[in-house]
Amino acid sequence: MAALCKWRHRLKPAAFFQNAARRQLSDKHDYDLLVIGGGSGGLACSKEAAQFGKKVAVLDYVESSPKGTKWGLGGTCMNVGCIPKKLMHQAALLGGAVKDAQKYGWRIPSPITHDWLTMAPAVQDYIRSLNWGHRVQLQDKKVKYLNLKGSLMDGHTVRAVSKTGKESVFTAGNIVIATGGRPKYPTHIPGSLEYGISSDDIFWLKESPGKTLVVGASYVALECAGFLTGIGLDTSVMVRSIPLRGFDQQIACLVTDYMGSYGTKFHWKCSPSKVEKLETGRLLVSWTDLDSGKEDQDTFDTVLWAVGRTPETRALNLEKVGMKMNRETGKIIVSADEATSVPHIYAIGDIAEGRPELTPTAIQAGKLLARRLFGKSSELMDYDCVPTTVFTPLEYGSVGLSEEEAVRMHGEDGIEVFHAFYKPLEFTVAERDASQCYIKMVCLREGAQRILGFHFTGPNAGEVTQGFALAIKCGATYTQLMATVGIHPTSAEEIIKLNITKRSGLDPTVTGC
Ligand code: FAD
Ligand code: NDP
């Protein structure tokens, strides 16, 4: 898929040894390593470095969202990303499971309702336990945690400011920037900042968001809209162009079709023009249909902006130290060994240009960087074939190239696409519509047919995709896939039975065992 290929293309071959000379470990500094940002990448990097007996500190400081939401140590994923998102997705899936359960004989009194005030505090309490767990881990591993906002003074010096404005200065042999990003607000839209919220707020709301308009159509937008619909809220998504840009578009449409059939409303090719607050407290949103130019309006309780993220460089003083940035994205330019243009300073995770914005890549990049800096390793992070899953009501797991990307790289005649529409067994008795449960394997056409891309929609897509990611990383071919024995009865076994090519035009619907 395009997003994954983008990561691949930006990776230059290892420049590790050229940069080795720039690394400096010295007793004259306060720390061997100072990490700015205690999120997925920063925590992994600092803990790994401490294991080599190095003196390590991590600075983590959370600036409140414009709505005033604040959280603890651990970064985006743990506090306002993957973890609360997946738990709320689970809440939504359980709603579906309760409905299915009745078809399986469970007597459940109706109506089945969802209570935000039970779910949200439970999720938030779990996050607080993780915040605490990270603090304990840092202490155990002898990493100094400083709840301070860091900025660079030079290649070895960081200025740190506390929430009361108290300043300190620290020096370090090496500095790692892992400050991630924050949600964007479309500030050109009147009322967007005053009345809208972002993914930094949604998981911490004290009351149910009620009828919600989600603006945007990528991971964050569709996942949030998915769980809001799933817990029974009237939810609309406003899409200005295409869903899930960068992903295989056939599959992206299956994902939104499924959401549509389970109650999410879509405003296609529409763009909001203003948000006003009515006397009732509700929000009146006006928008333009981008095709017809027609104006339209509706009232909502909540408007959630999910229009992308901005790298968190505001406080870092990067210009002062002469750091090279990508002006368009605002991200820090790094080489294959995560080195920035300033000697002794490295950048990992969402802040680094061309890296996937995913937790496991930030973590692995952080660990490997620490090993290279202190552990006598030369292993570079390999950003190729990074798997990912979109946790929409119908989950979508993928690794490797989208069909569009494979065609662009190898030509229509150079690839073979094997595909199948299948019905998960659990959907049968529950009488669920499985029209969007689909598998696509994009392969080279010649020889043993190396697998270029894998796409799966269905229950537990993340779990299924993780295993296939290993195979694809190891260079698996279609021939090897066919030699693999399935596990029956599962959805994943349909993958190793794929035998219909798109080119054949045959009906790819799986029937029977
Ligand atoms: P972050 O985790 O963002 O950590 C950066 C930390 O640095 C923050 O704590 C920040 O407050 C702090 N900081 C910033 N500036 C300073 C400063 N000047 N001084 C001190 N501290 C500072 N990824 C997945 O793999 N799977 C998912 O399911 C998934 N779901 C997501 C859902 C949502 C809603 C969002 C928004 C993201 C999701 N992601 C997911 C992406 C994932 O959260 C990020 O890729 C990951 O957190 C990036 O890690 P990081 O270390 O680069 O930065
Ligand atoms: P993206 O940058 O991926 O997408 C932004 C979306 O907002 C696009 O649909 C874009 O539309 C739309 N948009 C941008 N500006 C406007 C506007 N002014 N009006 C209307 N729509 C607009 O951002 P996300 O925040 O969704 O995700 C950020 C990253 O976080 C992802 O790349 C992913 O790596 C990570 N993430 C991972 C998850 C996972 O692993 N499951 C879950 C969530 C996030 P258009 O296409 O037209 O530009």
Side-chain angles (χ1 to χ4, degrees), residues 24-64 70-80 127-182 311-318 320-321 323 332 338 340 342 344-351 362-363 365-367 369-370 373-374:
Q24 191 173 331
L25 310 179
S26 163
D27 290 340
K28 65 186 182 197
H29 297 299
D30 298 325
Y31 295 99
D32 295 305
L33 177 69
L34 196 144
V35 178
I36 309 178
S40 310
L43 288 178
C45 184
S46 55
K47 285 189 266 182
E48 189 75 7
Q51 283 191 8
F52 299 115
K54 297 297 158 186
K55 202 173 168 202
V56 183
V58 60
L59 265 57
D60 190 60
Y61 188 88
V62 180
E63 209 69 77
S64 308
K70 219 173 175 329
W71 51 90
L73 175 66
T76 303
C77 178
M78 216 177 82
N79 295 285
V80 286
I127 294 171
R128 288 193 193 95
S129 78
L130 294 178
N131 295 143
W132 176 248
H134 274 301
R135 291 181 76 140
V136 171
Q137 265 190 24
L138 289 179
Q139 210 169 15
D140 287 351
K141 292 186 190 287
K142 303 203 169 26
V143 175
K144 180 81 178 162
Y145 161 54
L146 300 160
N147 182 206
L148 301 173
K149 179 153 74 174
S151 62
L152 297 166
M153 294 175 75
D154 63 39
H156 290 292
T157 316
V158 169
R159 178 171 163 265
V161 183
S162 74
K163 94 174 154 208
T164 57
K166 189 165 168 267
E167 279 189 32
S168 339
V169 171
F170 302 101
T171 63
N174 295 285
I175 295 169
V176 172
I177 304 173
T179 50
R182 295 297 289 264
E312 185 58 295
T313 54
R314 281 173 299 180
L316 291 175
N317 208 19
L318 298 177
K320 178 81 189 306
V321 296
M323 185 150 306
I332 298 173
E338 328 296 353
T340 70
V342 181
H344 319 294
I345 304 185
Y346 299 80
I348 53 169
D350 286 8
I351 197 72
I363 291 176
K367 281 188 183 167
L369 173 59
L373 289 173
F374 306 112

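Please read all numbers here as calculations on a predicted model, not as lab measurements.
The side-chain heavy atoms of Leu146 and Phe170, taken from C-beta on, include a pair separated by under 4.5 Å. Proximity of Met323 to Ile345: side-chain heavy atoms (C-beta onward) are separated by under 4.5 Å at one or more points. Side-chain contact between Lys47 and Val58: absent, with no pair of heavy atoms (C-beta onward) separated by less than 4.5 Å. Taking 4.5 Å as the limit, some side-chain heavy atom of Leu43 sits within range of a side-chain heavy atom of Leu73. When side chains are defined from C-beta on, His134 counts as touching Met78, because their heavy atoms get closer than 4.5 Å. Using a 4.5 Å heavy-atom threshold, the side chains of Leu373 and Asp32 count as separate. Contact of the Leu33 side chain with the Lys54 side chain is not registered, since no non-hydrogen atoms from C-beta on lie closer than 4.5 Å. Put simply, the side chain of Val169 reaches to within 4.5 Å of the side chain of Thr157, judged on heavy atoms.
Salt bridge Glu63/Arg182: absent, no basic N to carboxylate O contact under 4.0 Å.
The environment of CD in Gln139 is sparse: at most 12 heavy-atom neighbours from other residues, nucleotides or ligands sit within 6.0 Å. Within 6.0 Å of NZ in Lys70 there are more than 12 heavy atoms belonging to other residues, nucleotides or ligands. Residue-environment remark: NZ (Lys367) stays at or below the threshold of 12 foreign heavy atoms within 6.0 Å.
Nearest heavy atom pair, residue Val143 against residue Ala50, reads CG2-CB, 3.5 Å. A pairwise comparison of heavy atoms in Ile348 and Gly42 identifies CD1-N, 4.1 Å as the closest pair.
Remark: side-chain polar atoms of His29 are not paired, donor with acceptor, to backbone N or O of Thr171 under 3.5 angstrom. A donor-acceptor pair under 3.5 Å is absent between the side-chain atoms of Thr76 and the main chain of Val80, judged by distance alone.
No side-chain donor-acceptor contact under 3.5 Å links Asn147 and Asp60.
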